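Chain letters run A, B, ... following the sequence lines, proteins first and then strands; every chain starts at 1. Note: hydrogens, waters and symmetry copies are ignored here, and every other heavy atom, side chains too, is used. Nothing here was measured: the structure is a model prediction, and the numbers come from that model.
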Protein chains: 2
Amino acid sequence: MPERKPRKDAARNRAAVFTAADSLFAQCRSPEEVTMADIAAAAGVGKGTLFRAFGDRTALIRALYEARLEPVRNAVEEGPPPLGPATPPLQRVPALLDAVLCFKLDNRHLAQALEGTGTDSPYRTEHYERWHTLLRDLLQRIPAPADSDFTAHALLAATRADLVAYLTDEKEMPREELRDRLAKFTAGVLGSTT
Amino acid sequence: MPERKPRKDAARNRAAVFTAADSLFAQCRSPEEVTMADIAAAAGVGKGTLFRAFGDRTALIRALYEARLEPVRNAVEEGPPPLGPATPPLQRVPALLDAVLCFKLDNRHLAQALEGTGTDSPYRTEHYERWHTLLRDLLQRIPAPADSDFTAHALLAATRADLVAYLTDEKEMPREELRDRLAKFTAGVLGSTT
DNA sequence: TACGATACGGACCAGCGGTCCGCTTCTTCC
DNA sequence: GGAAGAAGCGGACCGCTGGTCCGTATCGTA
């Protein structure tokens, strides 16, 4: 096992980069205008350190995203209802989608940075696969919509970060209204053949 | 009216750039690896010409996209059923979505290039607004799904270029199957409260 | 044909992601 | 505690990209 504990300064710097990047992405309009040099400067480290720690820009964004997503992931995998695994599918699916939506609302800059990396589509990431699989399996047990696989994709597509950002920032739709609309839409999809 | 007819060489070059860019985008894996210099070279013009004619990269892609989309747009605005305006909403909505899907399938590289420009989200474009408004107005007259505005967004999100590309290229889903799945999903959404 | 307007094109520039390597800092072992 | 060596640091540096600029060639017109 080549698992060695990192040095103290390495850990400290890693954390500093996380914080700095998070705040920079949150402030700027477009994720593109946050450069690696900016992040390094804001974190008080050299650019080399940044690339050594994360590999490249995409990997840094992804790492940050995963870190912020972890609480949600935990709540889904082993939390209490209605998010946790003990919930019957018909209630868990809406809860899941609402959780995803809220996460994207709270972290929309970061999510947009991730989905807009360009180098690889957001669909090739591991966490999308996870969400999709979970959602599909739940849908399969309902079993209102016939095609659970595509339905899962379509429902997740309705929570795309840029759509969410567009509706809230451009159309100035309040958070609660957006949640409500997604919930209604989900209910419609789930109840289509009942 | 400052509308002046362009010089012959200008028109010829513009067309050459269109053709070259189209074929380059179609060939390459990721739109990012097609550079402006590549396009200029393939079209047999200088880089300056390219930027003079279109402004910047995003504008070039957008112009190309609009040009390719024009036939579809025509068919929708003044064509025969089931796409044209004479069709009753309940049949026209699925037809519309199928047309969008087919277009994205045929031009998925170009569509990905457009949606992934990063500088501005795909939702701030004029043609998205057009599709959304049309779809929403049709939905409003059905009126199966209560929230026609959000439903229109959600349905269009299911035809996002990167999702389409992911399903066909990565998951190797055949064209007809994808069309069928989208049609079924649409039907489900439309028939949710009937 | 000659002349003004328009467009051409490639050298040029600034800024980006990413690399490299001499130097510093931490860890470890005596 | 101190010395040796591994691990990490950081900023000068590189290749490449989108975008600009302006002397020159081409077009439209009288």
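The CZ atom of A:Arg57 sits 8 Å away from the P atom of C:dG18 (whole-angstrom rounding). Distance CZ (B:Arg14) to P (C:dC8): 11 Å, rounded to an integer number of Å. Summarising the geometry, the separation between CZ on B:Phe51 and P on C:dA7 is reported as 18 Å, rounded to the nearest angstrom. What separates CZ of A:Phe54 from C1' of D:dC9 is a distance of 15 Å, to the nearest Å. As a whole-Å value, the separation of B:Arg12 CZ from C:dC8 P is 8 Å. Here D:dT20 presents its P atom at 12 Å from CE of B:Met36, a figure rounded to the nearest Å. Distance CD (B:Glu32) to P (C:dG18): 11 Å, rounded to an integer number of Å. Distance CG (B:Asp9) to C1' (D:dT26): 6 Å, rounded to an integer number of Å.
For A:Phe185 and B:His153, the distance between ring centers is not under 6.0 angstrom. The ring of B:Tyr65 has its center no closer than 6.0 angstrom to the ring center of B:Phe25.
Between B:Asn13 and C:dC8, a side-chain N or O to OP1/OP2 separation shorter than 4.0 Å is present. Using a 4.0 Å cut-off, some side-chain N or O of A:Thr49 falls inside it from OP1 or OP2 of D:dG10.
You'll find the side chain of A:Thr168 stays beyond 4.5 Å of the side chain of A:Arg175, heavy atoms only.
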> So A:His109 and A:Asp22, side chain to side chain contact (heavy atoms under 4.5 Å, CB included) or not? Walk me through it.
Replying inline: CA-CA 9 Å; A:His109 300 99; A:Asp22 214 353; over 6 Å; no

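Distance check: A:Thr186 OG1 to A:Asp98 CG gives 8.5 Å after rounding to the nearest 0.5 Å.
Taking 3.5 Å as the limit, the base of D:dA7 and the side chain of A:Arg7 contain a donor-acceptor pair of atoms between them. The base of D:dG28 lies outside donor-acceptor range of the side chain of B:Lys8, with no N or O pair under 3.5 Å.
Checking A:Arg52 against A:Thr35, the closest nucleotide of DNA chain C that is more toward the 5' end is the one next to A:Thr35. For the pair A:Gly44 and B:Lys47, nearest-nucleotide mapping onto DNA chain D gives the more 5' position to A:Gly44.
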